[in-house]
Peer 1: 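Supplied in structure tokens, the structure appears directly below.
Note that the structure is predicted; figures quoted are calculated from it, not measured. Letters A, B, ... are given to chains in the order of the sequence lines, protein chains preceding strands, and every chain is numbered from 1.
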Amino acid sequence: MSIGQAFLGLLESHPRHGYDLKRAYDERFGQDRPLHYGQVYATLSRLLKNGLVEVDSIEPGEGPERKCYAITAAGVTDVERWLANPEKPDLYLQNTLYTKVVIALLTGRGAAEILDTQRAEHLRLMRDLTRRKTDGDLADQLICDYGLFHLEADLRWLELTAARLDELTREVRS
Amino acid sequence: MNGTTTPLLAGTGLRKTYGATPALVDATICVRAGEVLAVMGPSGSGKSTLLHCLAGIVAPDAGRIVYDGRELTAMSDRERSALRRREFGFVFQFGQLVPELTCLENVALPLRLDGLKRREAERRAAGWLDRLEVADVADKRPGEVSGGQGQRVAVARALVHQPRVVFADEPTGALDSLNGERVMRLLTRATREAGAAVVLVTHETRVAAYSDREIVVRDGTSHDAELVA
Ligand SMILES: Nc1ncnc2c1ncn2[C@@H]1O[C@H](COP(=O)(O)OP(=O)(O)OP(=O)(O)O)[C@@H](O)[C@H]1O
Ligand SMILES: [Mg+2]
């Protein structure tokens, strides 16, 4: 997750203190994983060093939380470039499930149970996300759907692999 | 779900063969009152056949089906169809509404067939259309509404007589994801409020995620962990 660019985007409308940025970030993007203050200030000092933000004002007192940060022109350009460039799609070619299946077959164990156990676990998480989505607002729906579609893709792979298990067993053990 | 309450509907050792095709080999399944049960599995594995057996539409060659303490497999055809009309509701992929009737009349139909006066039947039907968020299509015919709206009308019709079990076979199969999700959200909300059980056949995992529990059918065989006492 590009915390730096998200910070810049949040700073574009108006300057904010570090704790205010953290709160805005956690509220919109943090979901189950709020930022640590360490992350917040490490990110801000990197942005500061690269000239993408500047200190707008400092309140009297001690500690990093007195500073209020503002985006610079270079910062705005950076956000624009980040938004305009597509993310590199994940390749998903390294995968523990495939490794488990092959190791199970190589060692003469059954792989069907592994696949069944995994599908039940995936479906359990999908139920949780579905419940959260049903009770939530549009932001919750979009975030949960992102997770649900990815879990669904895993499940389709599990189903297809289960259907090809005999073939795979012959290939792996030959 | 805990294992202490007896299931509302249970099928054990079900077998069904069509000519030389074994559709069900040894299927076991149960659903508790108010539970949403997903029936999953590959195409041709026997999901629809299992649903038809449980609902008393198809008679299995072997096995037992018990509904609320009564053995479905031992009932006369008349008893079984009366049970289906009064206590079961059905939603299929498509083609279940009467094209000549308006949506309101379609939803009122199960009540009319049960002898309820037109006014009262339509009053209740209107309430269900409202709950399924399709009150605005009440006076249209099925041919004049979208697939998603039609499917929500079909759900209203399946629920209007307050069945204790709703059988749904790929209820979202003909819909895009957004409309499919809407049907699932409204269907499960309505059945949960009414305390009705749902047997939901689907091969879509995102649809199955609206269930409380799932069983998987493979090559005509299913095991239900809840029934292994
Ligand atoms: N009325 C019928 N006459 C003959 N064969 C049938 C009949 N109904 C089902 N079958 C066969 O029984 C098997 C199981 O069919 P069923 O419709 O129950 O599968 P399904 O799991 O619902 O599949 P799908 O996901 O494609 O709907 C299939 O081989 C099918 O061809
Ligand atoms: Mg089917």
Side-chain angles (χ1 to χ4, degrees), chain A residues 31-32 92 95 97-98 100-101 104-105 110-169, chain B residues 1 34-47 131-133 155 171-173 175-193 198 200-226 228:
Chain A
Q31 298 313 319
D32 301 327
Y92 298 112
N95 122 37
L97 293 180
Y98 172 76
K100 275 195 175 181
V101 168
L105 295 179
E113 300 72 38
I114 295 178
L115 295 171
D116 273 351
T117 310
Q118 192 63 51
R119 82 190 293 293
E121 189 65 22
H122 265 61
L123 203 52
R124 203 162 13 248
L125 182 54
M126 287 182 78
R127 277 199 186 96
D128 288 347
L129 290 176
T130 301
R131 222 168 285 135
R132 204 164 125 184
K133 173 170 96 165
T134 317
D135 299 336
D137 58 13
L138 185 57
D140 288 319
Q141 285 175 34
L142 290 174
I143 288 158
C144 291
D145 272 334
Y146 189 83
L148 282 164
F149 279 112
H150 281 81
L151 290 165
E152 181 187 32
D154 282 353
L155 275 165
R156 289 169 74 163
W157 181 86
L158 290 168
E159 199 57 50
L160 203 65
T161 305
R164 289 168 166 175
L165 220 44
D166 291 344
E167 204 183 330
L168 182 66
T169 307
Chain B
M1 287 290 132
E35 181 184 42
V36 181
L37 177 74
V39 179
M40 307 188 69
S43 186
S45 59
K47 303 182 296 295
R131 249 188 261 189
L132 273 298
E133 300 175 0
V155 172
T172 64
L175 305 178
D176 63 34
S177 351
L178 201 59
N179 278 292
E181 301 253 349
R182 192 163 181 201
V183 165
M184 284 315 300
R185 183 167 49 78
L186 294 168
L187 169 69
T188 50
R189 188 178 73 190
T191 56
R192 288 206 166 101
E193 279 169 9
V198 181
L200 167 71
V201 167
T202 182
H203 61 261
E204 286 181 78
T205 46
R206 271 178 311 108
V207 171
Y210 283 86
S211 68
D212 300 312
R213 197 164 71 82
E214 83 274 7
I215 67 150
V216 183
V217 187
R218 283 186 208 284
D219 301 324
T221 305
S222 69
H223 303 285
D224 195 325
E226 298 275 305
V228 185

Peer 1: Side chain, backbone, both or neither: which part of B:Glu181 has a non-hydrogen atom closer than 4.5 Å to chain A?
Peer 2: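 Only the side chain of B:Glu181 comes within 4.5 Å of chain A.
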Peer 1: Report which part of B:Arg206 has an atom under 4.5 Å of a heavy atom belonging to chain A: side chain, backbone, both, or neither.
Peer 2: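 Both backbone and side chain of B:Arg206 come within 4.5 Å of chain A.
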Peer 1: Under 4.5 Å, counting heavy-atom pairs only, tell me which of A:Leu123, A:Leu155, A:Asp128 racks up the most with chain B.
Peer 2: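 Greatest number of close heavy-atom pairs with chain B: A:Leu123.
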Peer 1: Against chain B, label A:Glu152 side chain, backbone, both or neither, depending on which of its atoms sit under 4.5 Å from a heavy atom there.
Peer 2: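 Both parts, heavy atoms under 4.5 Å.
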Peer 1: Does CG belonging to A:Leu160 count more than 12 external heavy atoms closer than 6.0 Å?
Peer 2: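 Count over threshold, so yes.
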Peer 1: Side chain from CB out, backbone as N, CA, C, O: work out which of these in A:Arg156 comes under 4.5 Å of a heavy atom of chain B, or both, or neither.
Peer 2: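 The answer is neither part of A:Arg156.
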Peer 1: Examine whether an atom of A:Ala120 lies under 4.5 Å from a heavy atom of chain B, and if so say whether it belongs to the side chain, the backbone or both; otherwise answer neither.
Peer 2: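 A:Ala120 touches chain B through backbone and side-chain heavy atoms alike.
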Peer 1: Need one label for B:Ser211: side chain, backbone, both or neither, based on atoms under 4.5 Å from any heavy atom in chain A.
Peer 2: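 Looking at B:Ser211, backbone and side chain both touch chain A.
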Peer 1: Examine whether an atom of B:Met40 lies under 4.5 Å from a heavy atom of chain A, and if so say whether it belongs to the side chain, the backbone or both; otherwise answer neither.
Peer 2: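 The answer is the side chain of B:Met40.
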Peer 1: How would you list, by chain and number, every residue that makes a side-chain hydrogen bond (donor to acceptor under 3.5 Å, both in side chains) with B:His203, sequence neighbours excluded?
Peer 2: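 B:His203: side-chain hydrogen bond (donor to acceptor under 3.5 Å, both in side chains) contacts with B:Glu170.
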Peer 1: For chain B, find which of A:Lys133, A:His122, A:Arg131 contributes the most heavy-atom pairs closer than 4.5 angstrom.
Peer 2: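 Greatest number of close heavy-atom pairs with chain B: A:Lys133.
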Peer 1: Quick one: side-chain hydrogen bond (donor to acceptor under 3.5 Å, both in side chains) partners of A:Arg124, sequence neighbours excluded?
Peer 2: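 Checked A:Arg124 against side-chain hydrogen bond (donor to acceptor under 3.5 Å, both in side chains); matches are A:Glu121.
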Peer 1: Show your reasoning for whether side chain to side chain contact (heavy atoms under 4.5 Å, CB included) applies to B:Arg182 and B:Leu186.
Peer 2: CA-CA 6 Å; B:Arg182 192 163 181 201; B:Leu186 294 168; 4.0 Å; yes
Peer 1: Tell me which one of B:Leu132, B:Val155, B:Val36, B:Thr172 satisfies side chain to side chain contact (heavy atoms under 4.5 Å, CB included) with B:Leu187.
Peer 2: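 It is B:Val155; the other options fail the test.
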